[in-house]
Amino acid sequence: MANLLIVADQTSDWQQYFPSEQVVSVAQYLDRDWQTSQRNVQVVNLCRDYSYMSSGYYCSLMAEARRHRVIPTVTAINDISQPMLMSSNYLKLSKLPSDLTTLDCKIFFGRTQQKGLEKLARHLFEQFMIPIIELKMTKHQAQWQIESVTAFPFQELREQEENFFIESLELFSDKVWRKPKQVKKYRYDLAMLVDEEEKMPPSDASALKRFRRAAGRLGMNLETIGKDDISRLGEFDGLFIRATTNISNFTYRFAKTAEKLGLVVMDDSESIMKCTNKVFLTELLKNNKVPAPTSVILNRFDPDWQDDLLSELNFPMVLKIPDGAFSRGVVKVKNQEELEREAAGLFEKSALILAQAFMPTDFDWRIGVLNHQAIFACKYMMSRGHWQIYQHHNSGRVSSGSFETLDLKQVPKNVVDVAVKAANLIGNGLYGVDLKEIDGQVYVIEVNDNPSIDHHVEDAFLGDLLYDRLMTEFLRRIQMRGF
């Protein structure tokens, strides 16, 4: 459980707010005799000045040296002082009053009182993690442009802004003054991110329950959160993502925000980036001499892509969109007519697509890897009468083949070795490596950063031990960071 500490220039700066022992002056915090042994601390640095070598700057620097989680971080302080470019997606601000030509507003822990700027406010806070941001914008030819994004001192807030500031701080970390809801005291709090609307989640309800029980056995509280709870990340010591990951959806934003807050994250944003794009993964495996199906990256702007492709691959072949999941965006083509038709559809979604040799097998291996070690093994059989594990029907129904979960000792050594080698190229998180085995030769199909772990499937051999191993790894990483 994180201990919140608010640092201001003087404790008197806080006098108009609710009295709290969690408020200290920056001089107290920077004192070398301060409670440096205290761990699991979340510092909110509310100093007036964050400029280089100021006391506010040293507050964040000292917090990081003490392994306290702090906002803003030194990196954030440096980043917000640099010129920035903002994606136009965030500047389509049609909800703003049409008669406005300039705008000056404040963002409090990702929240703003300015209607129409909610999405931009969240984005700026996730990017910089500055407690209070002052945003200045101007409109040129009906298009809004950001003029400046700067940190704003809470000491200069107007009276009508103070209540919104405190409310936002409480929402950011609802343990400021409130007593914990749990009677039992836990050493650490973990957030488990799920998507209640997801039709094919990476873990079913029974598996999620077993993750929570495993965390509890280790003295940790594992709380389920959803895609609207990004402001709550400051309450936790770690983030466990159990929703299908993608660069373009909320999971990546959660991972990046949690990392900026100093949380232990599984899987981390870099793993999401590397694994969810099959083009990147193909190049990575090729450059590191990991066996994989013969693959060709196709560029829609290359007029000769068909000739280049057919010089390396024969029909039938498989086309893949880079960021598909659960066999979506993957098609088999048997001739040139199908190639042109299917490639045209995929090129509408991505400038690059991947073509691979068709390698039919009765099953795919799935090796689960955690922190460079294999932890489970499954055989996923192909859907009946289909060439893939998952078959997406026109009706919207999804069918899949059967499975077999094995003791790792029953798995051919080269399957495990190649899987671990491929996973190690990504990082030290939790991965599911899919492989095909043909005539004793092993080929990596893909590496998943957020592998399926369902009750009675991936845990069929290890049972609760699988969940214990994952939660133990979280505990180890949190303790190594000194929280």
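Here, residue 1 is the first one in the sequence, and each next residue gets the next number.
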Can any side-chain N or O of Asp364 pair as donor or acceptor with the backbone N or O of Tyr380 at less than 3.5 Å?
no
For a side chain to side chain contact (heavy atoms under 4.5 Å, CB included) check, start with the C-alpha distance between Thr405 and Phe376, then their side-chain angles and the critical distance, and finish with the verdict.
CA-CA 8 Å; Thr405 307; Phe376 68 81; 5.6 Å; no
Nearest atoms (heavy-atom pairs only) where Met192 meets Leu222:
CB-CD1, 3.7 Å
Say whether, by atom type as modelled, one donor and one acceptor occur between the side chain of Asp267 and the main chain of Leu430 under 3.5 angstrom.
yes
Could you give the distance from CD1 (Ile321) to CZ (Phe347), rounded to the nearest 0.5 Å?
10.5 Å
Extract all donor-acceptor atom pairs below 3.5 Å that involve side chains of residues 280-291 and protein atoms in other chains or at least two apart in sequence.
from	atom 1	to	atom 2	distance (Å)
Thr282	OG1	Lys278	O	2.7
Asn287	ND2	Glu283	O	3.2
Asn288	ND2	Leu284	O	2.8

Could you state the interatomic distance from CE (Met220) to CZ (Arg212), rounded to the nearest 0.5 Å?
14.0 Å
Return yes if some donor-acceptor pair links the side-chain N/O of Arg69 with the main-chain N/O of Phe236 below 3.5 Å, else return no.
yes
Partners passing side-chain contact (heavy atoms from CB on, under 4.5 Å) against Arg122 (at least two apart in sequence or in another chain)
Glu118, Lys119, Glu126
Can you confirm whether His68 sits close enough to Leu5 that some side-chain heavy atom of one is under 4.5 Å from a side-chain heavy atom of the other?
no
Strictly distance-based, threshold 3.5 Å: is any side-chain N or O of Ser60 a donor or acceptor partner for the main-chain N or O of Pro72?
yes
Do you know the tightest heavy-atom contact between Val369 and Ile375?
N-CG1, 4.4 Å
Taking side chain as C-beta onward, heavy atoms only, is Phe108 less than 4.5 Å from Pro131?
no
Throw together a table of side-chain donor-acceptor distances under 3.5 angstrom for residues 460-469, partners on residues two or more places apart or in other chains.
from	atom 1	to	atom 2	distance (Å)
Tyr467	OH	Asp459	OD2	2.6
Asp468	OD1	Arg217	NE	3.2
Asp468	OD1	Arg217	NH2	2.7

Can you find a pair of side-chain heavy atoms, one from Leu339 and one from Phe315, that are under 4.5 Å apart?
yes
Taking side-chain hydrogen bond (donor to acceptor under 3.5 Å, both in side chains) as the criterion, tell me which of Arg210, Arg242, Glu458 meets it with Ser203.
Arg242
With sequence neighbours excluded, residues passing side-chain contact (heavy atoms from CB on, under 4.5 Å) with Asn448
Arg366, Asp434, Glu446
Would you call Leu346 and Leu298 a side-chain contact if the rule is heavy atoms closer than 4.5 Å?
no
Separation between CG of Leu354 and CD of Gln356, rounded to the nearest 0.5 Å:
4.5 Å
Salt bridge (charged side-chain N to carboxylate O under 4.0 Å, His left out) contacts touching residues 339-362 (sequence neighbours left out)
none
If you count every heavy atom of other residues, nucleotides or ligands that lies below 6.0 Å from Glu259 atom CD, does the total exceed 12?
yes
Side chain to side chain contact (heavy atoms under 4.5 Å, CB included) between Phe240 and Met471, worked out:
CA-CA 9 Å; Phe240 185 33; Met471 291 299 102; 3.9 Å; yes
For the backbone of Asp195 and the side chain of Lys227, can you confirm whether one donor and one acceptor N or O come within less than 3.5 Å of each other?
no
Donor-acceptor contact below 3.5 Å, side chain Asp449 vs main chain Ile426
no
Suppose we screen for side-chain contact (heavy atoms from CB on, under 4.5 Å). Which residues come up paired with His372, at least two apart in sequence or across chains?
Asn424, Asn428
